[in-house]
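See below for the structure under consideration.
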Number of protein chains: 2
Amino acid sequence: MERTIVDYQEGSVQEKLQKILGDVEEDGGTCPIRNILVRFSDKWSTLSIFHLGDAGTLRFNELKKRVDGISQRMLTVTLRNLERDGIVTRRVYPEIPPRVEYQLTDLGRSLLVQIIELGDWASNHSNQIIEARSRFDAREGRVIDSVSLN
Amino acid sequence: MERTIVDYQEGSVQEKLQKILGDVEEDGGTCPIRNILVRFSDKWSTLSIFHLGDAGTLRFNELKKRVDGISQRMLTVTLRNLERDGIVTRRVYPEIPPRVEYQLTDLGRSLLVQIIELGDWASNHSNQIIEARSRFDAREGRVIDSVSLN
DNA sequence: CTGTATCCCTGATGATACTG
DNA sequence: CAGTATCATCAGGGATACAG
């Protein structure tokens, strides 16, 4: 029913995997790919990028309202890191009270496309995953949370 | 030079984003999409999936050798979680010494395709990101690491 | 070989209060 | 409004030793 890796897409997927594996394992800590994956792994970055991609331009507090549950501090940290990586721009208007507008850069929009695909995958497969978890937990007779086993 | 979101792919990207945003913000904590994104955000899961996708089938220690720097404990935890989510299968051979083989499920392979795309994006844009970081750090006159600002 | 069980420590993050 | 600064917490994850 599911297709294999090879014929699922344009056929270059295997090559991409090889390339990634080569890069990824070359230096155990400072590898840029790991670095980048680690960054966009975190939930606040992902959600911020989603909302900025959706809205186009947002002020600090507008974004804060949309990203449900984020604290002021974490939004600041997240936006700084995204700005540093060239994913978002930060524009400050010298007014009182201050106005700061954020939006995705071209680089950010190209990243957005990728994480939308990932989010779409998650959305489309969440049922399968939830069912798998239920079966597993039933077999084990206990719950294993994210990093328990302690 | 960069294309916009709209024409970059089949045109449904906007719709996907809407759908994701709807799902993602509906319940601030237990949302399955958040759950899933959070899981595949972590570096060990991603790397394990890469290597299993590359090799097909791997024993515990074979995988451990390939995933540079992972501890025994974290490999166990990672594999349990992936198994629980239906991403990998775990087959135990009743031999002495024990042999345990892991491989991706169909679900896992379909996920692999997505994270390969993300990894490929990271690989292709790592230079831009590294340069952006340099410029930012030069402007700021100091380094901001992942979550400092303390 | 393939795990489990402990101990421990650091970094990520929320809460709160303060500032330009 | 848009942050910074500080404090406190706690889960992620390494090291190590033990087990089937």
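Note that the coordinates shown come from a computational prediction; the quantities given were computed from them, not determined experimentally. Every chain is numbered from 1 and lettered A, B, ... according to where its sequence line falls, protein lines coming before strand lines.
Counting to the nearest Å, the P atom of C:dG3 and the CE atom of B:M74 are 15 Å from each other. One atom, NZ of A:K64, and another, C1' of D:dA2, lie 11 Å apart when rounded to the nearest Å. Separating the CG atom of A:L58 from the C1' atom of D:dC1 is a distance of 15 Å, rounded to the nearest angstrom. A straight line from CZ of B:F60 to C1' of C:dT4 spans 11 Å, rounded to a whole angstrom. We find that CG of A:L79 is positioned 8 Å from P of D:dG3, with the value rounded to whole Å. When the P atom of D:dG3 is taken as reference, atom CG of A:N61 falls 9 Å away, rounded to whole Å. Atom CD in A:E101 sits about 13 Å away from atom C1' in D:dA2, given to the nearest Å. For the pair A:L75 CG and D:dG3 P, the interatomic distance rounds to 8 Å; values are reported in whole Å.
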(Q) Using a 4.0 Å heavy-atom cut-off to protein, can you give one letter per nucleotide of nucleotides 15-20 of chain C, 5' to 3': B if the base is in contact, S if only the sugar-phosphate is, - if neither? (A) B-B--B

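Candidate nucleotides D:dT4, D:dA2, C:dT2 were compared by shortest atom distance to the side chain of A:V100, and D:dA2 ranks first. Listed candidates were D:dA2, C:dG14, C:dC1. Nearest to the side chain of A:W44 is C:dG14.
Listed here is the closest heavy atom pair of B:Q72 and B:K64: N-CE, 3.6 Å. The minimum heavy-atom distance between B:R90 and B:Y102, with the atom names listed, is NE-OH, 3.2 Å. Considering all non-hydrogen atoms of both residues, A:G53 and A:L112 come closest at CA-CD2, 3.6 Å.
Residue B:R59 has no polar side-chain atom (N or O) positioned under 4.0 Å from OP1 or OP2 of C:dC1. Contact annotation: B:R80 reaches the phosphate of C:dG3 (side-chain N/O to OP1 or OP2, under 4.0 Å). Neither OP1 nor OP2 of C:dT2 sits under 4.0 Å from any side-chain N or O of B:R90.
Here the CG atom belonging to A:L79 is positioned 10.5 Å from the CE atom belonging to A:M74, to the nearest 0.5 angstrom.
Residues B:V92 and B:I87 share a hydrophobic cluster, clusters being chains of Ile/Leu/Val/Met/Phe/Trp/Tyr side chains in contact below 4.5 Å.
The one candidate from A:R91, A:E62, A:E101 that meets the side chain to side chain contact (heavy atoms under 4.5 Å, CB included) condition with A:T57 is A:E101.
Among the atoms of the strands shown, only primed sugar atoms or phosphate atoms (P, OP1, OP2) are found under 4.0 Å from some heavy atom of B:Y102.
A donor atom on one side chain and an acceptor atom on the other are not found under 3.5 Å apart for B:K16 and A:N124.
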